[in-house]
Amino acid sequence: MSFTADRLLLFGATGDLAQRMLLPSLCALHADELVHENLQIIGTARQDFDDAGFRNFARAALEKFLPADRRGSMATFLNRLRYQPLDATNAAGYQALAAKVGPIEQGLAIFLSTAPSLFEPTIAGLAASGLTGDKVRIGLEKPLGTCLESSREINDAVARAFPEERTFRIDHYLGKETVQNLLALRFANILFEPLWNGAHIDHVQITVAETVGLEGRVGFYDGAGALRDMVQNHMLQLLALVAMEPPANYNATAIRDEKVKVLRALRLIDPSETVTGQYRAGAIGGQGVPGYDEELGKPSDTETFVAIKAHLDNWRWKGVPFYLRTGKRLPERKTEIVVQFRHVPHSIFAGRGARSVPNRLVIGIQPEENITLSLMAKVPGLDRDGFRLREVPLDIAMADAFAGPTKRIAYERLLLDLIEGDQTLFVRRDEVEAQWDWIDGIRASWTTHELKPKPYAAGTWGPSAAIALTERDGVHWHE
Ligand code: NAP
């Protein structure tokens, strides 16, 4: 049902995500007058704040995490905030929460920014206190489980109170402008689609590289690892957007129908097509950093790096490897997709000594958003020593091309869509389950083959085996 909620209930309102992303995003939406003037935001967590205390807490977070030029209307934004303390596991506390939320006839959007272990009691408490129903929708943060089975349990618990059309699973990569732009690039231009297949594309690379280490996520990360923390969600969503068939419309059903077909076409891969690693002490940007086990305080078999050669068993992508790699403590922070086209079938310039390099499309997602298409061009000159070609980039630096619009936090888009009820950029249950199905297969093969992560020095691009994974196909990672 289509409605714009006039209440937003934020669980985990005192957490890291709320401080760094959610409160700043909501304040920015308010400053740009994108949320309804009546929208009230009710925060909840165990911390014992009253409304004024929470407003002070939110002000401190905004001053820290929202650029000064987007904070203009902070005082009026803070007036929208209210707070109710609640231990989400305590069923008795939900009536007071419902009283604080007040009437929900105009619509209530709930955002669970808490550990998934709290989802089940939270859903039960919401249901018992009347905070469910046709006018209530719910947004869920990752991780949605640690395997297919646990993901199903979470999804079943949510489904007891919220049907799929009112369940909004967040993958914040989908809120990023360049990720949506990938769809525009593919489907608003005639140039790419005829070439977007195994006949013309040699391979695709997706890299999500972080320079940070554990960053205080000790308890969570050591139980998860790079495969579940990054590949299962963000990287598979990027892969699905690159590989999907053209949807008939830009809407939630059409887009998600096409993405899930891709995810179901992922071939169960052989362990020889994966490399795992764990960082040891090293240096990043000239600064010495400790190894993973030193940060953790104990030895561990958790992978902080993974590289995978993935395959899609369908007509379009037959014979096209998708190389995925992600890791912590890598030399630079970057997220990018590289689409490597094939050589021209015959080079007419070979007889003149000119070497031609195949075209490449690089979609940069982080830290800068830009799109670069490399093309071959003639080097100016009289060519008396032969015809010379050189690769030249055709750059679409998003910041320059669209100098006017503000660069938004991905959560601004997603929170607005949650409040207004547009599911296009949210992940459907069948997608999450197809993702887990593939990831579980990889993990099972690691267990069977007793694969342990290989050490790599912090500040390098992972274990040397990750280089060999592509080099044996004659492919170099794009760096
Ligand atoms: P966090 O900093 O640990 O915050 C957790 C929040 O939950 C706090 O507000 C905490 O407040 C509240 N909470 C904990 N136990 C509670 C209980 N029993 N009842 C009610 N509230 C409770 O975690 P976070 O980093 O904000 O992450 C929140 C969720 O988003 C997690 O599932 C995380 O995996 C996911 N996520 C986070 C990020 C990120 O960048 N931080 C990114 C992607 C996904 P009290 O202690 O006051 O109760």
Side-chain angles (χ1 to χ4, degrees), residues 8-26 41-50 53-54 56-58 60-61 64-65 81 83-94 96-98 100-101 110-126 129 131 138-146 150-151 154-155 157-158 168-176 208 210 212-226 228-235 237 326 328 333 335 366 409-412 414-415 418 426-427 432:
L8 175 68
L9 173 56
L10 179 57
F11 282 83
T14 59
D16 173 71
L17 188 67
Q19 292 177 67
R20 285 191 307 112
M21 298 288 169
L22 306 180
L23 292 167
S25 295
L26 289 164
I41 300 165
I42 302 97
T44 182
R46 288 170 304 180
Q47 173 118 10
D48 194 16
F49 282 135
D50 57 11
F54 182 57
N56 285 337
F57 172 87
K64 192 164 171 196
F65 296 112
L81 302 184
Y83 186 84
Q84 177 67 32
L86 170 74
D87 181 336
T89 60
N90 174 16
Y94 282 84
L97 180 68
K100 189 81 180 191
V101 170
I110 301 174
F111 190 114
L112 299 191
S113 176
T114 47
S117 56
L118 292 175
F119 288 2
E120 200 159 349
T122 304
I123 302 284
L126 291 169
S129 59
L131 292 176
I138 195 157
L140 310 169
E141 251 305 337
K142 72 158 202 177
L144 289 176
T146 52
S150 57
S151 161
I154 292 171
N155 282 321
V158 174
F168 289 61
R169 292 178 198 81
I170 289 151
D171 186 317
H172 74 272
Y173 270 52
L174 297 182
K176 291 179 185 287
V208 179
E210 298 182 291
V212 294
L214 260 179
E215 271 194 314
R217 297 174 76 204
V218 177
F220 167 72
Y221 193 84
D222 199 53
R228 292 189 279 198
D229 188 40
M230 282 291 182
V231 182
Q232 186 274 336
N233 35 62
H234 309 316
M235 296 184 81
Q237 282 294 317
T326 181
K328 290 192 172 295
R333 172 176 174 255
T335 298
Q366 262 173 190
I409 310 166
Y411 281 94
E412 289 181 53
L414 299 177
L415 282 161
L418 173 68
F426 294 83
V427 184
V432 176

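The residues of the chain are indexed from 1 along the displayed sequence. Remember, it's 1-based here, ligands and their atoms both numbered in the order they're listed. Bear in mind that the values here come from a model prediction, so they are computed numbers and not experimental data.
- For A157, the side chain to side chain contact (heavy atoms under 4.5 Å, CB included) test picks out E120, R160, with sequence neighbours left out.
- At the shortest separation from atom 44 (C) of ligand 1 among protein heavy atoms lies E141 OE1, 3.2 Å.
- Distances between N or O atoms of A88 and those of ligand 1 include at least one value under 3.5 Å.
- Of all protein heavy atoms, the one lying nearest to atom 47 (O) of ligand 1 is Q47 N, 3.0 Å.
- Close approach of ligand 1 to P143 is summarised as follows: ligand atoms under 4.0 Å from at least one heavy atom of the residue are 32 (O), 34 (O).
- Residue, atom and distance of the protein heavy atom nearest to atom 6 (C) of ligand 1 are G12 CA, 3.6 Å.
- Among all heavy-atom pairs drawn from T114 and G12, the shortest one is CG2-N, 3.5 Å.
- Ligand-side atoms of ligand 1 in range of A13: 9 (O), range being under 4.0 angstrom from any heavy atom.
- Atom numbering of ligand 1 starts at 1 in the shown order; those under 4.0 Å from a heavy atom of A115 are 32 (O).
- One option in I170, T122, D87, D16 has a heavy atom closer to atom 41 (N) of ligand 1 than any other, and that option is D16.
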Open item on the list: For I170 and L140: C-alpha separation, side-chain torsions, deciding distance, then whether side chain to side chain contact (heavy atoms under 4.5 Å, CB included) applies.
Closed with: CA-CA 6 Å; I170 289 151; L140 310 169; 6.0 Å; no

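- Using a 4.0 Å cut-off between charged side-chain N and carboxylate O, E210 and K328 make a salt bridge.
- Taking atom 28 (C) of ligand 1 as the reference point, the nearest protein heavy-atom neighbour is S113 O, 3.2 Å.
- Listed here is the closest heavy atom pair of P24 and R20: CG-O, 3.4 Å.
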Step by step, would you call S151 with N155 a side chain to side chain contact (heavy atoms under 4.5 Å, CB included)? CA-CA 6 Å; S151 161; N155 282 321; 3.5 Å; yes

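- Counting protein heavy atoms only, atom 14 (C) of ligand 1 is closest to R46 NH2, 3.6 Å.
- Ring pair F49/F54 is tilted by interplanar angle, where 30° to 60° counts as tilted.
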Checking T122 against I110 for the side chain to side chain contact (heavy atoms under 4.5 Å, CB included) test, could you report, in this order, the C-alpha distance in whole Å, the side-chain angles of both residues, the deciding distance, and whether it holds? CA-CA 11 Å; T122 304; I110 301 174; over 6 Å; no

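- Interface atoms of ligand 1 facing L86, defined by a heavy-atom separation under 4.0 Å, are 19 (N), 20 (C).
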- Message: Determine whether F57 and T14 satisfy the following criterion, side chain to side chain contact (heavy atoms under 4.5 Å, CB included), listing intermediate values before the conclusion.
- Response: CA-CA 8 Å; F57 172 87; T14 59; 3.9 Å; yes

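- The parts of A45 lying near ligand 1 are both backbone and side chain, judged by heavy-atom distances below 4.0 Å.
- If you check which protein heavy atom lies closest to atom 9 (O) of ligand 1, you get T14 OG1, 2.7 Å.
- Heavy-atom minimum distance, D48 versus P85: OD1-CG, 3.5 Å.
- Interface atoms of ligand 1 facing P116, defined by a heavy-atom separation under 4.0 Å, are 32 (O).
- Nearest to atom 27 (O) of ligand 1 by heavy atom, out of L22, L17, N90, T89, is L17.
- Closest heavy-atom contact between Y411 and M21: CD1-CB, 3.6 Å.
- Where the criterion is an N or O separation shorter than 3.5 Å, residue side chain and backbone included, H172 fails it with respect to ligand 1.
- Residue contacts with ligand 1 include R20, since one of its heavy atoms falls under 4.0 Å from the ligand.
- Residue, atom and distance of the protein heavy atom nearest to atom 32 (O) of ligand 1 are T114 O, 3.1 Å.
- With a heavy-atom cut-off of 4.0 Å, L118 touches ligand 1 through its side chain alone.
- Residues forming a side chain to side chain contact (heavy atoms under 4.5 Å, CB included) with D229 (at least two apart in sequence, or on another chain): K142, R217, F220, Y221.
- Aromatic rings from F111 and F11 are positioned such that their centres are separated by 6.0 Å or more.
- By the definition of a contact as any protein heavy atom under 4.0 Å away, atom 34 (O) of ligand 1 is in contact.
- In terms of polar-atom proximity, defined here as any N/O pair under 3.5 Å, G15 does make such a contact with ligand 1.
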